[in-house]
*Asks:* 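Can you read through this structure? Questions will come right after.
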Amino acid sequence: MAVHTSDITLVPNDQLKPLDTIDGFQVRPGFFHSFGATIIPGGVSFTIQSHGASSCELLLFHRMAEEPFAALRFPDNYRIGFVYSMIVFGLDIEEFEYAFRLDGPYDEKKGLRFDKTKILLDPYARAVTGQSRWGVTNCCEHGYRARVVRNNFDWGLEKQPQIPMEDLVIYEAHVRGFTRDSSSDVCCPGTFQGLRDKIPYLKDLGINAVELMPVFEFDEMRDARLIDNNQLLDYWGYNSVCFFAPNTSYASSIEYNQEGRELKQLIKALHDNGIDVILDVVFNHTAEGNEYGPSFCFKGFDNNIYYMLTPDGYYYNFSGCGNTLNCNHPVVQQLILDCLRYWVTDYRVDGFRFDLASILGRNEDGSPMNQPPLLRSLAFDPILGTVKLIAEAWDAGGLYQVGSFPSWRRWAEWNGKYRDDMRRFLKGDAGLAETAAQRILGSPDLYDPASRGLSASVNFLTCHDGFTLNDLYSYNEKHNEANGWNNTDGSNDNNSWNCGVEGETDNPEVLKLRKRMMMNACAVLMTSRGTPMFLSGDEFGDTRFGNNNPYCQDNEISWLDWTLLETNRDLFDFFRYMIAFRQKHTVIRKDLKPAPGGFPCTSIHGLTPWLPDYTPESRTICIMYAGYDPEKQTEDIVYLAVNPYWRTLELTLPSLPAGKSWHIAVNTGDSAHLTFPDENMPEIKNTVLLGGRSVIIFTVQ
């Protein structure tokens, strides 16, 4: 049999001799501390745990076969505590797939669902079989199975970028949707390779972090249905089948026993180009659903441990997806910690965004905890010590923790209040000037710098969940009819504005206004303290045609239309300019040494300097950042003036020391001269007209 040793730690031969024979296979007790399947010289060690099972069988299948060619029952002495472990000799990892069967008590009211007829996927599986062809029901009739993965990817001397949180510009992308459309002009559309082909584009845009929507193995055919002759799938992938396995249908070719190789190549290439990789991870629920859902993994191993259950054995549903993972049980804590360590060490991932992260802070009875042990463990774990931890600080059970998520100065948050408040402010709602100033300054009213630092807020106006930036200014209402739920799904609170016409239009004035509104949003986002994030395609006005919840749309609704890059080249150029402007002016991102002119590090102004207007009808706010940049050995001052009001207003700027003058870097109200390079920034006096629904950014020279 073929044995590969390049990816294992060799063990002295006297420790690897068979001790027993089971069903014709030579075996011995395995490595009880190494969960999953571990390749060793001459065999494979299989290790799982179950607190409630009375017995366990290892099932070995030929590739794609329905029935196992071997069922090896673990002897009693192959169990220590609640851990079963067995080395099977003489296996060629390229010739088999594996799964388990467990027996034990079945009592739904006690949360016990052991069933010796169920074929169960290894919770620590590094690859799930039969999932490699997108849109095809590949899973064998009897359940999911695992494949042993050879971990021999050569990272060389690769060094992760280690970009500070405040210096990141995060670009959220769906691996398939990013290049699936033929307009992407890549060799392997909709794959990790397709995204890799777009790295030069990402470099040109200037972002330095990619946040990938779920790449853990999921089954897009899970709830496939046909609506108006359009097949709807679980396109987003927020129903994980396995936490340790990459989604093989995102690979451009089948990677038998080397699953994840193409993803690793993508991550390495991104790192080589100075781009961080953040994974969107889903530990709040699984694809097993509620009591009516399938049982293919955790339900069969220890249902009453892995899931939050009511006293009568039903599933708590704080996720909105049928079940809730029991994250603060010690067993589940260890699983999650092992999983994240694996993605950091074996895939060199730089950070994680935790979907519905408030669930990770709930007790086993569902109640919120003050000091959740899981969140604390992740914050202080040495392997995860420099990894970005980003929480979506709410859940579907009503727990909303934006500004109060347990952090230990390690956790950042998707700032949902930035999104909601700034959407309202930027479309011209009155009485939000004071709130907007707080959001632009990093939301110190939510994140006390003394306890949370200056990197807690991830600022965003758009993400996968909701309108694109183009649609934010093209639709007053959601248009989710294509999802098949009579437009009842998706958020109704979009704080959007269609600029006078609902949806697509040829009206040149409306189109001009929409583009200016998008540029306003970009300018403010890139000059806000905290970490900016935006949705892929926003930089060239991609649309979902008003669908704010296209979780099931594997078609033109969700796929990026790259022809818009040329159609809206001016918008792309503006995004690129603003990203570069943010990176150039450190004073935007953090406090510097005091400016020689005596200005404070940050200050809030109105149309009159030093006098912010917080009256109920106020719609205008100005922010000044000032400090001395020691690297550039010069004073750096940036003045942001935002006027969502529809009338032109007269703006007076603060007086400067002798020899200094104000210059315009950005003016979204001047379509002929939106941005200026340093050497051509026009000098102005202390008074300037601030156009209606426009943003001007000033610097000092």
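Just so you know, these numbers come straight off a predicted model, no measurement behind them.
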*Asks:* Please confirm whether Tyr171 and Phe534 have ring centers closer than 6.0 angstrom.
*Replies:*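 Judged by ring-centre distance (under 6.0 Å), Tyr171 and Phe534 do meet the cut-off.
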*Asks:* Determine, for Tyr577 and Arg582, whether the Lys NZ or Arg CZ falls below 6.0 Å from the six-membered ring centre while staying within 45 degrees of the axis.
*Replies:*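 Verdict for Tyr577: no cation-pi partner in Arg582.
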*Asks:* Evaluate the salt bridge (Lys or Arg N to Asp or Glu O under 4.0 Å) criterion for residues Arg353 and Glu392: first the C-alpha distance (whole Å), next the side-chain angles of each, then the deciding distance (0.1 Å), finally the verdict.
*Replies:* CA-CA 7 Å; Arg353 176 265 185 188; Glu392 183 183 37; 3.0 Å; yes
*Asks:* Give a yes or no on whether a salt bridge exists between Arg147 and Glu94, defined as a side-chain N under 4.0 angstrom from a carboxylate O.
*Replies:*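 A salt bridge is absent here (no side-chain N lies under 4.0 Å from a carboxylate O).
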*Asks:* In a check of ring pair (Phe, Tyr, Trp, His ring centres under 6.0 Å) between Tyr307 and each of Phe318, Tyr315, Phe301, which one passes?
*Replies:*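 Of all the options given, the one that passes is Tyr315.
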*Asks:* Is it true that Phe354 and Trp414 have ring centroids separated by less than 6.0 Å?
*Replies:*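 No, the ring of Phe354 stays outside the 6.0 Å limit from the ring of Trp414, centre to centre.
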*Asks:* Answer yes or no: is there an ion pair linking Lys417 with Asp420, defined by an N-O contact shorter than 4.0 Å?
*Replies:*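 A salt bridge is absent here (no side-chain N lies under 4.0 Å from a carboxylate O).
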*Asks:* Could you verify whether a donor N or O on one side chain and an acceptor N or O on the other, from His285 and Asn239, lie under 3.5 Å apart?
*Replies:*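 Present: a donor and an acceptor within the cut-off.
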*Asks:* Check for me whether Lys388 meets the cation-pi criterion with Trp411, that is, NZ or CZ under 6.0 Å from the six-membered ring centre and within 45 degrees of the ring axis.
*Replies:*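 Output no; distance or angle outside limits.
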*Asks:* Salt bridge or not between Asp346 and Lys264? Use side-chain N to carboxylate O under 4.0 Å.
*Replies:*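 No salt bridge links Asp346 with Lys264.
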*Asks:* Is the distance from the ring center of Tyr347 to that of Tyr342 below 6.0 Å?
*Replies:*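 Yes, close enough.
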*Asks:* Please determine whether a side-chain nitrogen of the Lys or Arg among Arg261 and Glu255 lies less than 4.0 Å from a carboxylate oxygen of the Asp or Glu.
*Replies:*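 Not counted as a salt bridge, because no side-chain N and carboxylate O are separated by less than 4.0 Å.
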